[in-house]
Each structure stands twice: as C-alpha cells, then as structure tokens.
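Counting starts at 1 for both ligands and their atoms, following the listed order.
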Amino acid sequence: MKTLKLTMAQALVRFLAVQHVERDGVEHRFIEGCFGIFGHGNVTGIGQALAERPDLLTYYQARNEQAMVHTAAGFAKMRNRLATLACTTSIGPGATNMLTGAAAATINRLPVLLLPGDVFASRRPDPVLQQLETPWRGDLSVNDCFQPVCRYWDRIARPEQLIPAALEAMRVLANQTETGAVMLALPQDVQAEAFEYPQAFFERRVWPIGRPLPDSTAFDRAVAVIRVARKPLIVAGGGVIYSEATAVLDSFVRRTGVPVGETQAGKGSLPFDHPQALGAIGATGTLAANRVAAEADVVIGIGTRYSDFTTASKTAFQAAGVRFVNINISDFDARKHSAIALTGDARASIAALDEGLADWKVEADFRLTCEKMRAEWDLEVTRLYHLGHGPLPAQSEVIGAVNELSAPRDVVVCAAGSMPGDLHKLWRTRDPKGYHVEYGYSTMGYEIAGGLGVKMADPTREVYVMVGDGSFLMMAQELVTSVQEDLKLTVVLVDNQGFASIGGLSRSKGTAGFGTRYRRRKDGSLGDDSGNHEGNPLPVDLGLSAQGLGAHVIRSHNVEELRDALVASKSIDRTDVVHVYTDRYEGVPDYESWWDVPVAEVSESEDVRKARAEHERGQDRRRWYL
Ligand SMILES: Cc1ncc(C[n+]2csc(CCOP(=O)(O)OP(=O)(O)O)c2C)c(N)n1
Ligand SMILES: [Mg+2]
C-alpha cells in the first residue's frame, strides 16, 4: 500500500481539498476554502498545514469566530448546499465563539465544517491555557458543548482516527437530510503528529447527491387527495430553492393554478409577479396568502419544516379536516402535521406530481379569486413602498427604495429585528437567489458576516445587507474582512435607536417597550420608550464607526437622500454603508396572522391583563393538525 507520511493537520488539509459533490451530472468542489483565527491551539497544526500548501485550500482571515461560521453558512446557502467553507480556531474562547454560528447553521440545515483546536490528547501539560478542568471527567473540553448543535461530532485523539472521522464528516455535510454543522475537534498535540496515511485517502472523491422519488403508495394517495381538493395551497420552503425546483414549480402551478405561499427560506421560489405567487405566508405573511391558507383544504408543503412563523403558531390553516401532503427530503419534516409523506427530492417529486395530475387543475373560480388577491396585495406593497411618511422615513420606504434601486439578480441579506418580517411581506423577489434571510435562528450579527459569504459564493451579484442598529452593534467587524478581501457589500444600516421589533412586541403585550430603547440611565428610566430622535440619543455615531472599520459611509435623512445614496453607492468599489434613521414606531401591519408569545397570566398592570385576554383569544384559534 502506498502511503504518505504527514501530520494529522496536513492530511486533513489534503483530504478536504479533493472532496467534491455531484448533482445532475455536475461536480462541485465542496470545501472551497478555510477561514481561521489562530491561537496556540491551531497555529502550528492546521496553521502550519495551510501555510505549507496554500495551493490546496485558500486561507481567509476573519475578525470573530462566530462571524466566520456565519460567512460559511451564508456561502453554503447561496450555493444551495453544494459547497461550503471550513473554519479553524484555537482552543477555548476561539472555539466557543463558534457556538452560535454552529447552532444557526444546524437549525437552518446548512453545512459548515468546524475545526477547533482541543486540549492535549496526551494530557501531559494539563491544564493548558484556556483548558476547562472537570474534576470528575478527564475527556471533557469546551468543545463538548457543541454536541447538541452539530449533526456530526468527533474528537481526533490519534492521527489515524482522522480517516474514518473525515469520511463521516463529509458524508453528513453532503447529505441533504442530515446536513448542518459538523465538528472535528483537533487536540493540539495530535494536529502535529505524523502518520503513514494511505495514498487512497487523498484521492479525489465525489459524493453523489441524488434526487430520490417518494414511495409509490404514498404518492398515489397524495394524488388522490389533491385531485379532490377544492382550495389547495402550496407552502414553498427552502427545499424548493436548495433542490433547484423553482422552474418545475413554476410550470406545475401555472398549469394547475395551485396558489403558492412562501416561507422565509422559500421566498424566491416564484418571482413576486408570478400569477400564482401569493407571497409570504404565516405570522409575517401577506393578506392574500393568509386568507387562502385559512380556507385551504389541502396544504402541499414542499421543503418546509413548518416553523411557528410559517404556521402562525398553528393558526394559519383553519379549515376543518385540512389535510397535508408534504414533499421533503427529510422524513422528519415530511411527516409533520400528520401528512401524507412524500419523502424525496423536491424537484423530482414536483415533476412526478405534475405528471400524476396531468389532467387536473383547480376550479376556475378559485384560480381567479387567488389571482385577484395577489394583484390587490401588490397594490398594498406599492402603498407601503411610497408612504410619504415623515419627518423620519418608515422602514417600508427604505425597503422599497432598496428594492427599486437594486437589480433583479442582486441579493438582499438580513437576519434579525423588525426587517425580516417586513422584507418577507414586502420584498419583491425577482430571482430564486435574490432573497437571503436567515430566519431559522434569526441571529443578530449574521447580516454582514452572512452577506460576505453570499458575495464570496457569487461575486457577480451585488449584495445588499439590511442591518438594524442592534445587529450592527453586535457584529460589524467583518466590514474589515470585506474591505481586506475586496468583496464589496452595500450595507444599509437602518437606525431606529434601539430594538424596535422587540419594543413593538413588548408594547403590544402591555409592557411599554421595556429595555428596548437606547437611553442614558441618567436621562430617564430604561423602561421609557416614547418619542423619536433623529440621531442616536446616546453620544454614539454608528456611521462613524463603520467609517473607522474601512467602509465608505453615506448618510441619509429622508427617502430622497436614501435613493441618492443608493445610486451613488453603485459607483463605489469598496464596501459602503448607507446610514439611514427611521421612525421606530411606523411598522407594517399584521395581515390577519398571529404569533404565540406567552403573556403573564396575572399582573398588576391593566395593560398586561388586557394583552393576556387577547392572547387567550389567539390561543383559541390554535389547531393540532392530527
Ligand atoms: C443574538 C440575538 N440576541 C437577541 C435576539 C432577540 N432579538 C430579536 S430582534 C432584537 C432587536 C434587534 O434590534 P435591531 O437590529 O436594531 O433591529 P430592530 O428591531 O430595531 O428592527 C433582539 C434583541 C436575537 N434575535 N439574536
Ligand atoms: Mg433598531
């Protein structure tokens, strides 16, 4: 057997460089590079291996370990999970900084490979700098806290153990059902230990990604149920986009007239002006989608995991006896809501349904009603895009300006705050990859880091990162990375002086926006949330801080200036930040939807008691879907 004597770290780098996936006859290199922040736990192991062979795996420097995992996840999402990036860290805080990123990736079902250093496998120098000591257990380190948020986890205690572990890691990363964060924890002594690795371990390897079809009995049942449906509705989730099923969905619904509501991850399944596109569904849904959902007799979920936002906390579908047919690559999701489970690939399964239902379409009346509601919704979007609100603009006008001044293939990126809901309702998506909102974990701080991953994954598109002041303050530092890598982002910093989304939620539940507004303690209680300020009520200037991080900054105080700024930004070739103040109290309405957020059962406050009564009325509308 031919062997190659390498350190474990060198072997891992060589292995990762030759992994590929293949779908529809097209091969994709799977690990396109490696982000890293070095410390004593990886600089002389993985760091040495990357430095020795830069031709194998491009190294990228980041500012924060959590951010680099978000960048890898944004990259993987943009590439429909057919490629990702690895992330290497030191032991201790460098490693645990990745925890939020790992959870976000796993919850969103996005592959990321995490390679933290770990304490000595030999244990001789214990306790090393940053080691967690556990008196009752010798084999624990801080990396063990990743186990619940990883889909595969291993610690490489001997160099030869890398062989099975690396293969398992790749199997899970490339598997459309199991994918998520994968961790190989690398004890710092083992990284530098040599072994005679078999040459075959380093040969080019291709992991096929198939398009499995659902079981035929379930399929026949589904066809029979859909055939007799009078008001069917498709709920399109992220799986439609990852499976590249948008074209087949388009032709299926054009022919049959089945209307489509989209989840956050599924937004872009149809272009906004498609006759069957009802837009967003659920707690942040459109009036059109939510009204159709309320009466739907058969719900066809495609590639959705039915989060509470999608089901409006199980109040969205109200028809007695509503049935579910779920197409999903994951049996776990396919079976939700007692559905007829079509466990399989979205694209292949929609094509099969199209054939199985070749002589069927919805009744003409239903089709017309849906198309009319769609057109009415479009007018509502136009109204909200051009409200003429003042003196500070409404957030919906900012979204309108960015939408109207961006090109169809450009990508909007967001994750937390009040913008994901407003974008879900209002963003006019024109391309299947044009809408990128991380709303599985809704991680404040994802926006700029994730946007960087999107830009890395497709540098031919402009990336518009929509970030609130709160998210910006959590993680703005990857602006530096975008400048360093010459990857231009257009960051729209929507400054409403605090946590407006949670402030609104708090006010609607009788608690007056407690703790959600920026305010100096000496100027009043932190519980007080009233009155707009243009500018930050604290002696703080976020635009200036962005400038300090290397971005070009343009300030705007109203919609006209914002539009000028967005036009000016197009001719700037480095990352720029368009800083705009908005009215924190001017929100987009809810369209007959509900979200289950518990309210205190007893309180001294009249407002809380009222909110509780209203909450209980909402709870009455919950269904079990058995
Ligand atoms: C890391 C993290 N911490 C807390 C939350 C809960 N949370 C959701 S939105 C929000 C406020 C976001 O503020 P900002 O970015 O300014 O957006 P706005 O709500 O003002 O639109 C908070 C604290 C979260 N989603 N993520
Ligand atoms: Mg804010």
Inspect the contact between Arg612 and Glu616 and indicate whether a charged nitrogen and a carboxylate oxygen are less than 4.0 angstrom apart. yes
Verify the distance criterion only: is there a donor paired with an acceptor across the side chains of Asp422 and Gln395 at less than 3.5 Å? yes
Geometry only, no angles: is Asp469 polar-contacting ligand 1 at N/O separations under 3.5 Å? yes
Ligand 1 N/O within reach of Gln395 N/O, cut-off under 3.5 Å: no
So between Ser501, Ser418, Gly498, whose heavy atom ends up nearest atom 20 (O) of ligand 1? Gly498
Compare Met444, Met419, Met475 and give the one whose heavy atom is closest to atom 22 (C) of ligand 1. Met444
Pair Arg563 + Glu404: basic N to acidic O under 4.0 Å: yes
With a cut-off of 4.0 Å, which atoms of ligand 1 are near a heavy atom of Ala500? 18 (P), 19 (O), 20 (O)
Does a donor on one side chain and an acceptor on the other come within less than 3.5 Å for Ser471 and Glu447? yes
Salt bridge flag under 4.0 Å for residues Asp596 and Arg622: yes
Less than 4.0 angstrom from a charged side-chain N to a carboxylate O is my criterion; do Glu32 and Arg79 meet it? yes
Is Lys336 salt-bridged to Asp333, going by a charged N under 4.0 Å from an acidic O? yes
Quick check on contacts: which atoms of ligand 1 are under 4.0 angstrom from a heavy atom of Ser442? 24 (C), 25 (N), 26 (N)
Measure the distance from atom 13 (O) of ligand 1 to every protein heavy atom, then report the residue, atom name and distance (to 0.1 Å) of the closest one. Phe499 CD2, 3.3 Å
For the Mg ion (ligand 2): the N/O/S atom of Asp469 at shortest distance: OD2
For Asn496, atoms of ligand 1 separated by under 4.0 Å from a heavy atom: 18 (P), 20 (O), 21 (O)
SB check Asp541 Arg555 (cutoff 4.0 Å): yes
Under 4.0 Å from a heavy atom of Gly470: give me the atoms of ligand 1 that qualify, with their elements. 13 (O), 14 (P), 15 (O), 16 (O)
Atom 8 (C) of ligand 1 [closest protein heavy-atom partner, distance rounded to 0.1 Å]: Ile502 CD1, 3.7 Å
Which residue and non-hydrogen atom of the protein lie closest to atom 15 (O) of ligand 1, and at what distance in Å? Ser471 N, 2.9 Å
Between Arg151 and Thr177, is any side-chain donor less than 3.5 angstrom from a side-chain acceptor? no
Which heavy atom of the protein is the closest neighbour of atom 17 (O) of ligand 1, given with residue, atom name and distance? Gly417 CA, 3.6 Å
N, O or S from Asn496 under 2.8 Å to the Mg ion (ligand 2): yes
Indicate if the distance from the Mg ion (ligand 2) to the nearest N, O or S atom of Gly468 falls below 2.8 Å. no
Cationic N near anionic O, under 4.0 Å, Asp410 to Arg430: no
Numbering as shown, the atoms of ligand 1 that approach Met474 to under 4.0 Å (heavy-atom distance): 1 (C), 3 (N)
